[in-house]
Every structure is written in C-alpha cells, then in structure tokens.
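Okay, structure first, notes after.
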Amino acid sequence: MSKQPYPKLLMVVGPTASGKSELAIQIAEKIPAEIISADSRSFYRELRIGVAKPSLQDRKRAIHHLIDVGSIDAPWSLGQFQKETSKLVKQISARQKLPILVGGTGQYMRAISENWEVPELVADEKLRNAIQHWGECIGFNELHEKLKVVDPVAAAGIDFRNHRRTIRAFEVLLISGKRFSEQRRAGEAAYDLMTIGLEWNREALYARVDERIRRMFENGLAAEVHDLAAAGKAEQMRRIGVIGYSEVLDYLEGKHSLEEAIRLIERNTRKFIRHQSNWFKADDPSIEWFKANDPELMHNVLGHIQDWLSK
RNA sequence: GCCGAGUUAGCUCAGUUGGUAGAGCAUUCGACUGAAAAUUGAAGGGUCCACAGUUCGAGUCUGUGACUCGGCA
C-alpha cells in the first residue's frame, strides 16, 4: 500500500457575483463534497443581505462551513481562517468527501494554495494606533525611513506612501520580536490542488453586479444596516469596512442620498472586482478558467473534476 | 426679444499678464504573507462649441453664429 498522498482540495475562484457559490453547490450535488467558504465577510453572523451569503435553502443543498462562525465584535484573522480550513479539509477528506474551497478573497485563497506560514498572533489595536500616531508625528516618510533601519527587506517591498503596510511591519516586529520580512515564507505543499476559475466579460459582470445590488435593497439591506446600527454595531461595521454597509450607514446618517449610496456601492464593487483580478489572473497557469456563460459549464467542469479525481 | 453667466478628458470642474492643457472621480493595468470587500502604485484618454480676425504664437483677446442655464419683458 502506497503512502497516503496529500488530500485533494478543489478551489473555486473568481470575482464577486461571478456565480462561484452556485457552481460549488451544483458540484456538491453531483459528487460527494462539502463546501468551505473563504469569504472574509461571510464569517460574520451579523452580516447577511449585503454580503450575498448562500441562502438557507442553498445550505440545505450542500454542507457549508465557515459561514456565520464569528461576530463582527471579534474580527477573524488570516491565521485563524487558515487553521480552521486545514482542520476542515482533514475532516472532510476523512469522510471520503471532496472539500471545495470557494471564495473571492485573494489573500486567503493564496494562503491556502501556497501554504503560507502564518503564526497566530492576536492583533493589537492599541499598538497599531500608537504606531499610527507615531507616524503622524514624525511623518510617514520618516516612519518608512526608520523601517529601513530595522527591517530593510520589508521596507524595500513597501511603498512609503502605503501607511498601513508600514504600520503593520512595525506591529509584527514589536509583537513577535522578529522581523516582518523573516516571517515570509511558504510552507511545503499541503494539498493536491485543482483550481477552477469563473471567467466573465467585464461589462456583463458589472451589469450583473448592478442587478445584484438592486436586489439587495429590495431584500431589505437598508433595514438590516439600520437594525445593526440601532444595536450599537455601527463602529464594528465601519471597522470591518464591508462594501454596502458603510455606504448605507452614511445614507442613514444623512450624509448623502439613497441614490448616492447605491452609486457608491456600484462603484466600490467594481473597484473590488478589479482588485480581485490581480489575485486571479487570466494567465495564471494554476487556474483552469471556464466561461461562466457557457451552457455547457457544469458538464465541462464536472468532466474536469472527474479526470482529476481519478488520477 | 433684451440682459447676464456658461460651453475644456466619460463625468464635475481648474487653467495665473496670450507660449498648443491639468485635478478629482470614472476606466484600465499593477503591488500586497499577521486588518485584505483593507491599503496602495502607474497608465491611457482632449480638433479646449464652430467659423473668421488680431498676433511670430489664441483655451486665453476681438467679432459673428450655435447650444445650455438664469433673470427681465
């Protein structure tokens, strides 16, 4: 008997509103599989309509993991996500089922596919604020100069205008006592991976996004945000910075009209899609792209998966 | 009809005493291993309403016309 190979893991990637979730569910209806959500906004049980979570009905069609597992009072980190995901992949594999990781959060997907080593370390809000304050006092150029002294490798990779990443490099150094740059390494391969991507024509996808946003409002996004704010969660919503919620909050607080809020959500979602395509590129050799509009989509995808599983 | 203001990038607008144009947003491409729906870099894009005049040279000055907005009849 040969040594147990790496567990198989199917990843489904693509921009927001591309139909990843539905595709994953359809796969899970055809072959024994369970879905792990790698969506950095679906962890939170308080967020519903605005993050386009799979419906309860969808969750009956297939088993979903990492949805509604946390609260916006205690945001998840990359390390936490990674730990939970590897645990789940093991469990699902042990049940003789295929784990399917579905998500549009590039950093999270990459952390799994490249098996980044992300030490677990609790974010220190106070320290962050202190470093931020320090930067404001001496100037962020100067802060970046100081980073060059203590961690030149990290400084070289961070634009001096990018305050946030400069702050993070200091935060990591101060908490862990080790340089940010020394902790960047990919681990060994952990999974037998296949990644399928859903490909859209930009214009068609933008139109789909606008339609989805319209439906979110029909389904009561404004009421959801209103209720969360009434429950004292406005600050948490803003801190997490999730598209749809901040814009509606501003509308509820009278900073702009509802039409303006919708316009901003459309704009920010488009920007998000463009940023996502930096992580999931059309010429990435590790991604098998499928045209999302193709009527043969499911047939093509299933064929591909069967070939891979039989290997 | 008269008076005034305006017409410059896809949109909203800057443009100093005349030297062939800028910003923000949008669009596109990129960076990113401890916040990532975050943070951040770059690029493309203009017969400056039209025609005529003054000038070595006009987005800028003069005239005429077109269109838009406001006020008065």
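So you know, we letter chains A, B, ... as the sequences are listed, proteins then strands, and number each from 1.
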Distances under 3.5 Å between protein N/O atoms and the N/O atoms of nucleotides 37-40 of chain B, please, pair by pair.
{"from": "B:rA37", "atom 1": "OP1", "to": "A:Ser40", "atom 2": "OG", "distance (Å)": "2.0"}
{"from": "B:rA37", "atom 1": "OP1", "to": "A:Thr105", "atom 2": "OG1", "distance (Å)": "3.4"}
{"from": "B:rA37", "atom 1": "OP2", "to": "A:Thr105", "atom 2": "OG1", "distance (Å)": "3.4"}
{"from": "B:rA37", "atom 1": "O2'", "to": "A:Arg41", "atom 2": "NH2", "distance (Å)": "3.3"}
{"from": "B:rA37", "atom 1": "O2'", "to": "A:Gly241", "atom 2": "O", "distance (Å)": "2.3"}
{"from": "B:rA37", "atom 1": "N6", "to": "A:Asp39", "atom 2": "OD1", "distance (Å)": "3.4"}
{"from": "B:rA38", "atom 1": "O2'", "to": "A:Arg164", "atom 2": "NE", "distance (Å)": "3.4"}
{"from": "B:rA38", "atom 1": "O2'", "to": "A:Arg164", "atom 2": "NH1", "distance (Å)": "2.0"}
{"from": "B:rA38", "atom 1": "O2'", "to": "A:Arg164", "atom 2": "NH2", "distance (Å)": "2.4"}
{"from": "B:rU39", "atom 1": "O2'", "to": "A:Asn162", "atom 2": "OD1", "distance (Å)": "2.2"}
{"from": "B:rU39", "atom 1": "O2", "to": "A:Asn162", "atom 2": "ND2", "distance (Å)": "3.1"}
{"from": "B:rU40", "atom 1": "O4'", "to": "A:Asn162", "atom 2": "ND2", "distance (Å)": "3.3"}
{"from": "B:rU40", "atom 1": "O4", "to": "A:His275", "atom 2": "NE2", "distance (Å)": "2.5"}

### Query
Same hydrophobic cluster for A:Val13 and A:Ile100, using side-chain heavy-atom links shorter than 4.5 Å among ILVMFWY?
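As far as the 4.5 Å side-chain criterion goes, A:Ile100 and A:Val13 are not connected within one cluster.
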Provide the distance between the two [atom1] atoms, one in [N] and one in [M], to the nearest whole Å.
N: B:rG45; M: B:rA23; atom1: P; answer: 14 Å
N: B:rC48; M: B:rA42; atom1: C1'; answer: 26 Å
N: B:rA5; M: B:rU62; atom1: P; answer: 12 Å
N: B:rG59; M: B:rC13; atom1: C1'; answer: 14 Å
N: B:rG63; M: B:rA26; atom1: P; answer: 41 Å
N: B:rG24; M: B:rA9; atom1: C1'; answer: 12 Å
N: B:rC72; M: B:rG19; atom1: C1'; answer: 42 Å
N: B:rC11; M: B:rG4; atom1: P; answer: 29 Å

Any-strand Watson-Crick or G-U partner of [N], both distances under 3.5 Å:
N: B:rA66; value: B:rU7
N: B:rG45; value: none
N: B:rU39; value: B:rA31
N: B:rA23; value: B:rU12
N: B:rU17; value: none
N: B:rA58; value: none
N: B:rG1; value: B:rC72

Rounded to whole Å, how long is the line connecting atom [atom1] of [X] with atom [atom2] of [N]?
X: A:Ile273; N: B:rA26; atom1: CD1; atom2: P; result: 14 Å
X: A:Glu203; N: B:rA26; atom1: CD; atom2: P; result: 18 Å
X: A:Arg263; N: B:rU12; atom1: CZ; atom2: C1'; result: 10 Å
X: A:Lys178; N: B:rU33; atom1: NZ; atom2: P; result: 18 Å
X: A:Ile158; N: B:rU33; atom1: CD1; atom2: P; result: 10 Å
X: A:Leu264; N: B:rA26; atom1: CG; atom2: P; result: 9 Å
X: A:Phe160; N: B:rC32; atom1: CZ; atom2: C1'; result: 17 Å

Under 4.0 Å, heavy atoms only, any strand: does [X] hit a base, just the sugar-phosphate, or nothing?
X: A:Arg110; value: nothing
X: A:Lys281; value: sugar-phosphate
X: A:Phe81; value: nothing

Would you check if there is a donor-acceptor pair between the side chains of [Y] and [X] at a distance under 3.5 Å?
X: A:Asp284; Y: A:Ser286; answer: yes
X: A:Gln26; Y: A:Glu22; answer: yes
X: A:Gln276; Y: A:Thr16; answer: no

Taking only the side-chain nitrogens and oxygens of [X], find out if one of them lies under 4.0 Å from OP1 or OP2 of [N].
X: A:Arg270; N: B:rA26; value: no
X: A:Arg202; N: B:rU28; value: yes
X: A:Tyr206; N: B:rU28; value: yes

### Task
Could you check A:Arg202 against A:Ser277 for side chain to side chain donor-acceptor pair (under 3.5 Å), going step by step and ending with a plain yes or no?
CA-CA 11 Å; A:Arg202 252 315 142 72; A:Ser277 62; 3.2 Å; yes
### Query
Parallel under 30°, tilted from 30 to 60°, perpendicular over 60°: which one fits the rings of A:Phe43 and A:Phe81?
tilted
### Message
Applying the side-chain contact (heavy atoms from CB on, under 4.5 Å) criterion to A:Tyr245, which one of A:Glu224, A:Lys233, A:Gln236 satisfies it?
### Response
A:Glu224
### Query
Looking at A:Arg110, A:Lys83, A:Gln107, which one forms a side-chain contact (heavy atoms from CB on, under 4.5 Å) with A:Leu78?
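When A:Arg110, A:Lys83, A:Gln107 are each tested with A:Leu78, the side-chain contact (heavy atoms from CB on, under 4.5 Å) holds only for A:Gln107.
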### Message
Please report whether the ring centroid of A:Trp134 lies less than 6.0 Å from that of A:Phe170.
### Response
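Ring centres of A:Trp134 and A:Phe170 closer than 6.0 Å.
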### Message
Please compare A:Gly157 and A:Pro75 by the position of their nearest nucleotide in RNA chain B and report the one closer to 5'.
### Response
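Result: A:Gly157.
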### Nearest-nucleotide 5' precedence on RNA chain B, A:Arg267 against A:Ser277
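Here A:Arg267 is the residue nearer the 5' end.
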### Query
Is there side-chain contact between A:Val153 and A:Arg179, with heavy atoms separated by less than 4.5 Å?
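SC-SC contact between A:Val153 and A:Arg179 ruled out.
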#### Entry: With A:Leu127 via side-chain contact (heavy atoms from CB on, under 4.5 Å) - residues at least two apart
A:Asp124, A:Ile131, A:Glu171, A:Leu174, A:Ile175
### Message
So if I take residues 250-262 of chain A and measure heavy-atom distances to RNA chain B, which residues fall below 4.0 Å?
### Response
none
### Task
Using a strict 4.0 Å threshold on nitrogen-to-oxygen distance, state whether A:Asp250 and A:Lys255 make a salt bridge.
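Judged by the 4.0 Å cut-off on N to carboxylate O distance, A:Asp250 and A:Lys255 do form a salt bridge.
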